[in-house]
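All remarks here apply to the structure that follows.
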Amino acid sequence: MVKNLLLIRHADAQMPQRNERDFERKLSEKGKSESALLGEYLQKLPFKIDTIYTSPSVRTLQTCAEIIQQLEVSPRIISSEEYYEATRNVMMAAVNRVDNIFENVAILAHNPSISHLYEYLTGDSQGGFVTAGCAWLQVLADQWEHVSGGMAETKDYYYPGMNSK
């Protein structure tokens, strides 16, 4: 069975304000625009996203909200602190715990976690995700718990401002 996995880095965030924790940083105006464009791209994919697993940081939740406004069908949103400042192993464990009722899944998180997960799943060095960058991966697996390194094929990579296909 083919499973679709979207690895998404949050959109551009404001610089931290005085006494503001990194976790609390909000999207910049550029980030809001990037998120809307990313949502338009995601709407054009040949499948509907079942669920978005996201970091609970302010900028990732705002990115998620902006994306959803562009989608005809709203996916289930699952927020978990494990996606904030996660290691590749934590990210991979999260992929393996995805509920098998979902075939089309997005993970919205931070760099370098997203880049490291991409490199592990595909065996390719991507060189880092730009803000609001999205890699569409396909995996041949019956269950998410069977997904492991080198199993994913990159179908597309989106970045804000790229020409539409």
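Residue numbers start at 1 and run along the sequence shown.
T60 and S57 are linked by a side-chain donor-acceptor pair at a separation below 3.5 angstrom, with hydrogens and angles left out of the test. If you check the side chains of Q138 and N4, you find a donor sitting under 3.5 Å from an acceptor.
Listed for the Q70 side chain is no donor-acceptor partner under 3.5 Å among the backbone atoms of Q43. Side chain of T154 to backbone of D156: no donor-acceptor contact under 3.5 angstrom is found. Under the 3.5 Å distance criterion, the side-chain polar atoms of W144 are left unmatched by any main-chain donor or acceptor of E103. The closest donor-acceptor contact from the side chain of R76 to the backbone of T51 lies at 3.5 Å or more, if one exists at all. Looking at N111, its side chain does come within 3.5 Å of a backbone N or O of S115 through a donor-acceptor pair.
In this structure, Y53 OH and L6 CG are separated by 13.5 Å, a value rounded to the nearest 0.5 Å. How far CG of L71 is from NZ of K48: 8.0 Å, rounded to the nearest 0.5 Å. Taken from CD in E24 to CD in Q17, the straight-line distance is 11.0 Å, to the nearest 0.5 Å. Atom CD1 of I77 sits about 3.5 Å away from atom SG of C64, to the nearest 0.5 Å. Atom OG in S125 sits 4.5 Å away from atom CD in E119 (nearest 0.5 Å). Of the inter-residue distances, the one linking S113 atom OG with E82 atom CD reads 11.0 Å to the nearest 0.5 angstrom.
Taking both residues in full, the closest heavy atoms of L121 and V147 are given as CD2-CG1, 3.7 Å, listed atom of the first, atom of the second, then distance. Among all heavy-atom pairs drawn from A11 and T63, the shortest one is N-OG1, 3.1 Å. Shown here for S74 and I68, the closest heavy-atom pair between the two residues is OG-CG2, 3.6 Å.
Linking ILVMFWY residues whenever their side-chain heavy atoms come closer than 4.5 Å, directly or via other members, leaves L140 and Y118 in distinct clusters. I52 and F47 end up in the same hydrophobic cluster when Ile, Leu, Val, Met, Phe, Trp and Tyr side chains are linked at under 4.5 Å. Linking Ile, Leu, Val, Met, Phe, Trp and Tyr whenever their side-chain heavy atoms come within less than 4.5 Å puts V130 and M162 in one cluster. One hydrophobic cluster, built from ILVMFWY side chains closer than 4.5 Å, holds both I101 and I107. The same ILVMFWY cluster, assembled from side-chain heavy atoms under 4.5 Å apart, contains both I8 and M92.
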Worked verdict on R9 versus H110 for side chain to side chain contact (heavy atoms under 4.5 Å, CB included): CA-CA 5 Å; R9 182 179 178 197; H110 309 268; 5.9 Å; no

Side chain to side chain contact (heavy atoms under 4.5 Å, CB included) between L108 and S55, worked out: CA-CA 7 Å; L108 173 56; S55 158; over 6 Å; no

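For V58, the side chain to side chain contact (heavy atoms under 4.5 Å, CB included) partners two or more places apart in sequence, or in a different chain, are K26, Q62.
Between M91 and H116 there is no side-chain heavy-atom pair separated by less than 4.5 Å. By the 4.5 Å heavy-atom criterion applied to side chains, L38 and P160 are not counted as neighbours. A 4.5 Å side-chain heavy-atom check between E40 and L37 finds at least one atom pair inside the cut-off. Between L7 and W136 there is no side-chain heavy-atom pair separated by less than 4.5 Å. Side-chain atoms of I78 and T54, non-hydrogen and from C-beta on, never get closer than 4.5 Å to each other. Side-chain contact between E66 and K32 is present, with at least one heavy-atom pair separated by less than 4.5 Å. Using a 4.5 Å heavy-atom cutoff, the side chains of I114 and Y83 are not in contact.
For the side-chain contact (heavy atoms from CB on, under 4.5 Å) criterion with P75, the lone passing option out of I49, I67, L42, V105 is I49. Applying the side-chain contact (heavy atoms from CB on, under 4.5 Å) test between R59 and each of D22, D12, T131 identifies D22 as the sole match.
Within 6.0 Å of atom CD in E81, 12 or fewer heavy atoms from other residues, nucleotides or ligands are found, so the atom counts as exposed in its surroundings.
Residues F129 and Y159 keep their aromatic ring centres 6.0 Å or farther apart.
By the 4.5 Å side-chain criterion applied to Ile, Leu, Val, Met, Phe, Trp and Tyr, Y84 is assigned to a cluster that also includes F23.
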